[in-house]
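Along the sequence shown, the residues carry numbers beginning at 1. Basis for what follows: all heavy atoms, side chains included, without hydrogens, waters or symmetry-related copies. In listed order, ligands and their atoms are each counted from 1.
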Amino acid sequence: MEVLVYGAGALGSLVGGLLAREHDVTLVGRDRHMRRIREDGLRIDGELDVRVSPRALTDGTHRVADLALVTTKAYDTDAAARALATGEYEAVCSLQNGLTEERLVAALDATVLAGTASYGARFAEPGRVTCTGVGEVVVGALSGGVGAEAARVGAAFDAADVETVVAEDMPTRRFEKLAVNAGINGPSALARTENGPTLDGPAAEVGREAAREVARVARAAGVDLSDDRAVAAVERVAADTAANRSSMYEDVANDRRTEVDAIYGAVVDRAERRDVSVPTCRTIGALIRGWEAERGLR
Ligand code: KPL
């Protein structure tokens, strides 16, 4: 299968590198990382040890492939969609944080699939990413049910030895992932704690309450996600990734813009449309935005 990975950050490079063991992969990313991959190949270390030589480009326009994986930061989704709209793909699948798929659907003719990836990845240096946790990829039709495209993508991932689940309940899983991000990312960034202590320490109830609010918003949108399932998902991911920093903590620690709009903004917007009260997500979002504004990042 020909796969274009749009967004060769840590996760995109890791998933793209794993797929390159079996498939014809093109990574689209930033200059120094792409140049290094062209010169010396891509190295994955940490919990996996892989060396591959995918194609590495800085311009992702006018490409043709069976599948485009979108792995950019959520705030770059519109730019990714504009670039992908100049090419041709059988399917486009987002592995991003936030509910970005609707933006891709609005911009593209291709079938848009929903996906999540629970691999831990850290950018080590140009040409090298570290796998900090072997997880799985979940892929499925955006509105749920069985889809031929999702099955095809799942089979291709499996063929490359990437543990993959083809799920029929993607609407629930998307909100469950949003609950995990809402429960861990903001609290860990504000408290400057790794994922494990975020759900153990004094801020523990903040993360659990944020997850319950996401579940409430999901149910108001007709998606079946119970409070207990949302909280259990946050607890499971915090335990599985206990020693890792969330992406939002990394962003804050490195003075970078965060995915606050794609996570807390998405929850608050949907809550307002359906008259649901989400004070915890609203407060976390405001605090992170305040930090960004003070740093001139928004
Ligand atoms: O997706 C994540 C992130 O950091 O953005 C979690 C699941 C919280 C893992 O750290």
Side-chain angles (χ1 to χ4, degrees), residues 7 9-15 46-47 69-77 93-101 114-123 129-139 163 165 167 170 172-201 203-204 206-211 213-215 225 229-254 256-267 280-281 284-285 288 291-292:
L11 181 72
S13 298
L14 173 61
V15 174
E47 294 199 18
L69 283 180
V70 185
T71 47
T72 62
K73 288 285 194 180
Y75 48 75
D76 284 330
T77 303
C93 179
S94 163
L95 295 180
Q96 301 161 283
N97 283 339
L99 305 176
T100 56
E101 291 89 351
T116 62
S118 58
Y119 280 86
R122 204 177 53 234
F123 189 80
V129 291
T130 302
C131 175
T132 56
V134 178
E136 64 177 15
V137 171
V138 180
V139 61
E163 191 74 37
V165 174
M170 242 20 235
T172 300
R173 287 178 186 253
R174 289 174 76 220
F175 275 97
E176 189 180 83
K177 174 80 191 325
L178 187 62
V180 168
N181 286 136
I184 295 178
N185 290 26
S188 64
L190 291 167
R192 309 285 198 273
T193 48
E194 278 71 31
N195 294 352
T198 301
L199 265 269
D200 286 340
V206 176
R208 288 184 175 82
E209 190 51 28
E213 290 180 0
V214 175
L225 177 64
R229 177 165 168 177
V231 171
V234 179
E235 289 172 345
R236 189 177 59 246
V237 173
D240 287 352
T241 62
N244 295 358
R245 286 182 175 187
S246 74
S247 55
M248 195 169 274
Y249 179 13
E250 278 292 346
D251 290 338
V252 166
N254 290 292
R256 289 189 307 238
R257 184 179 172 187
T258 72
E259 293 183 305
V260 61
D261 296 328
I263 299 172
Y264 299 99
V267 178
T280 305
C281 286
I284 297 172
I288 299 284
W291 174 84
E292 287 188 349

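- Remark: E176 engages R229 in a salt bridge, criterion side-chain N to carboxylate O under 4.0 Å.
- By the 4.0 Å N-to-carboxylate-O rule, E250 lies too far from R122 to be salt-bridged with it.
- At the shortest separation from atom 7 (C) of ligand 1 among protein heavy atoms lies V237 CG1, 3.7 Å.
- Inter-residue side-chain proximity for P187 and I284 is flagged as met; some heavy-atom pair is nearer than 4.5 Å.
- By the 6.0 Å and 45° rule, R257 stacks over the aromatic ring of Y75.
- Here the protein heavy atom with the shortest distance to atom 1 (O) of ligand 1 is N181 ND2, 3.1 Å.
- Checked against a 3.5 angstrom limit, the closest N/O atoms of T241 and ligand 1 fall outside it.
- Looking at atom 8 (C) of ligand 1, its nearest protein heavy atom turns out to be N185 OD1, 3.1 Å.
- With no hydrogens or angles considered, no side-chain donor-acceptor pair links T198 and S188 at under 3.5 Å.
- Among all non-hydrogen protein atoms, the one lying nearest atom 5 (O) of ligand 1 is S247 OG, 2.5 Å.
- Scanning all protein heavy atoms for the shortest distance to atom 10 (O) of ligand 1 gives N195 ND2, 2.9 Å.
- Residue contact check for ligand 1: K177 places a non-hydrogen atom closer than 4.0 Å to it.
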